[in-house]
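Below, chain A is the first sequence line, B the second, and so on; all start at residue 1.
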Amino acid sequence: QSALTQPASVSGSPGQSITISCTGTSSDIGAYNYVSWYQQHPGKAPKLMIYDVSNRPSGVSYRISGSKSGNTASLTISGLQADDEADYYCGSHSSSSTLGVFGTGTTVTVL
Amino acid sequence: EVQLVESGGGLVQPGGSARLSCAASGFTLSDYNMNWVRQAPGKGLEWVSYISSSSSTKRYADSVKGRFTISRDNAKHSLYLQMSSLRAEDTALYYCARGVPMVVSGWYFDLWGRGTLVTVSS
């Protein structure tokens with residue numbers, strides 16, 4: 001089971017919107033609405049930001065949104081803020097024996 | 001406080017074994033499926049293993065299958081990962097991560113511990 005493909009880095013200025021893509025296959029992202037997204041600041045544990053493609057857990061900012069089309073999922077951060085600077089990982093359930101897979105990770109830089 | 005606390009990491013020789021533990025508090029462990037996720041130094045996240053709430057279902061990443069064993073003791077509020085035949089590429093920070101509630105379908109991790117570092121080196 002190969003990792004899902006994400007861009008290595010995405011950047012934006014404060015107040016702008018950015019979108020991170022996550023490309024999988026018809027065995028993972030394309031097969032289930034079980035895509036999740038995680039934010040990880042340096043030296044910290046990952047934090048769940050989106051689950052089931054587009055649902056936000058309690059306490060996660062409304063500026064965070066998720067979507068999916070075919071084998072590709074996307075995370076959008078609107079009104080970019082300094083604290084959004086972090087690594088972001090997507091994840092998906094998979095029909096393979098390994099059950100699930102994460103993305104390669106994207107570093108978001110606020111210019 | 002709702003939290004997960006991992007322990008058991010350290011320096012292990014190649015070919016050696018280690019047992020990781022994860023203590024859950026602030027919620028009922030038996031209500032949730034649980035997972036181990038690891039992160040090699042400077043690298044991304046890698047899902048390692050899954051165990052259902054009743055221990056009836058266990059799954060492993062291909063990279064650890066046959067070498068790692070996941071287990072849990074709901075009465076002791078604990079999750080475990082027995083690792084054997086360790087290799088240099090198993091060096092990573094190992095996170096305990098809470099999965100979906102037992103009555104829910106899905107795949108996500110909404111609560112993470114701080115991790116325990118396993119270093120495989122001679």
Side-chain angles (χ1 to χ4, degrees), chain A residues 1-9 20 22 24 27-29 31-60 66 73 75 86-107, chain B residues 1-6 9 22 24 27 32-52 56-68 70 92-101 103-117:
Chain A
Q1 176 75 55
S2 298
L4 306 173
T5 301
Q6 298 180 232
S9 62
I20 303 168
C22 172
S27 296
D28 38 63
I29 292 178
Y32 307 96
N33 287 323
Y34 294 150
V35 177
S36 51
W37 289 90
Y38 305 85
Q39 176 193 62
Q40 187 179 35
H41 285 111
K44 300 294 186 181
K47 174 187 175 183
L48 178 66
M49 305 299 280
I50 291 286
Y51 68 97
D52 294 352
V53 177
S54 59
N55 293 319
R56 279 190 309 273
S58 174
V60 172
L75 178 76
D87 291 330
Y88 291 81
Y89 296 91
C90 59
S92 175
H93 180 55
S94 171
S95 61
S96 73
S97 62
T98 57
L99 195 67
V101 61
F102 284 105
T104 50
T106 298
T107 298
Chain B
E1 181 184 1
V2 177
Q3 64 177 354
L4 299 168
V5 179
E6 302 92 338
C22 170
F27 68 98
Y32 293 85
N33 303 316
M34 296 295 293
N35 299 263
W36 288 97
V37 176
R38 69 184 181 184
Q39 187 169 33
K43 302 297 184 181
L45 301 174
E46 180 187 15
W47 172 79
V48 173
S49 186
Y50 159 93
I51 185 168
S52 62
S56 59
T57 301
K58 301 177 184 180
R59 293 287 187 270
Y60 302 91
D62 288 342
S63 58
V64 307
K65 201 172 294 183
R67 301 187 299 121
F68 290 12
I70 192 171
L93 187 62
Y94 284 75
Y95 292 104
C96 171
R98 189 173 74 177
V100 299
V103 295
V104 172
S105 294
W107 194 88
Y108 57 80
F109 313 113
D110 69 341
L111 179 66
W112 298 66
R114 292 187 175 183
T116 186
L117 181 63

Where on [X] is there a heavy atom nearer than 4.5 Å to chain B: the side chain, the backbone, both, or neither?
X        : answer
A:Val101 : backbone
A:Ser94  : neither
A:Pro46  : both

TODO: Could you list the residues that satisfy side-chain contact (heavy atoms from CB on, under 4.5 Å) with B:Lys43, not counting sequence neighbours?
DONE: B:Ala40
Open item on the list: Using the side-chain contact (heavy atoms from CB on, under 4.5 Å) criterion, which residues pair with B:Gln39? Sequence neighbours excluded.
Closed with: A:Gln40, A:Tyr89, B:Leu45, B:Tyr95
Open item on the list: Between B:Val100 and chain A, with a heavy-atom cut-off of 4.5 Å, which part of the residue counts as in contact: side chain, backbone, both or neither?
Closed with: neither
Task: Nearest-0.5 Å distance that lies between atom CG in B:Asp110 and atom OG in A:Ser36 - done: 10.5 Å
Open item on the list: If you count heavy atoms of other groups shown closer than 6.0 angstrom to NZ of B:Lys65, is the number above 12?
Closed with: yes
TODO: Show the numbers, then the answer: is there a side-chain contact (heavy atoms from CB on, under 4.5 Å) between A:Leu99 and B:Trp107?
DONE: CA-CA 9 Å; A:Leu99 195 67; B:Trp107 194 88; 4.0 Å; yes
TODO: Could you tell me whether A:Tyr38 and B:Trp47 have their ring centroids closer than 6.0 angstrom?
DONE: no
TODO: Assign the ring pair B:Tyr108 / A:Tyr51 to parallel, tilted or perpendicular, where the plane angle (0 to 90°) is split at 30° and 60°.
DONE: tilted
- [ ] Tell me, out of A:Ser96, A:Gly43, A:Gly100, who's got the most heavy-atom pairs with chain B below 4.5 Å.
- [x] A:Gly100
Task: Between B:Ala61, B:Ala97, B:Ser105, B:Gly113, the one whose heavy-atom pairs under 4.5 Å with chain A are most numerous - done: B:Ser105
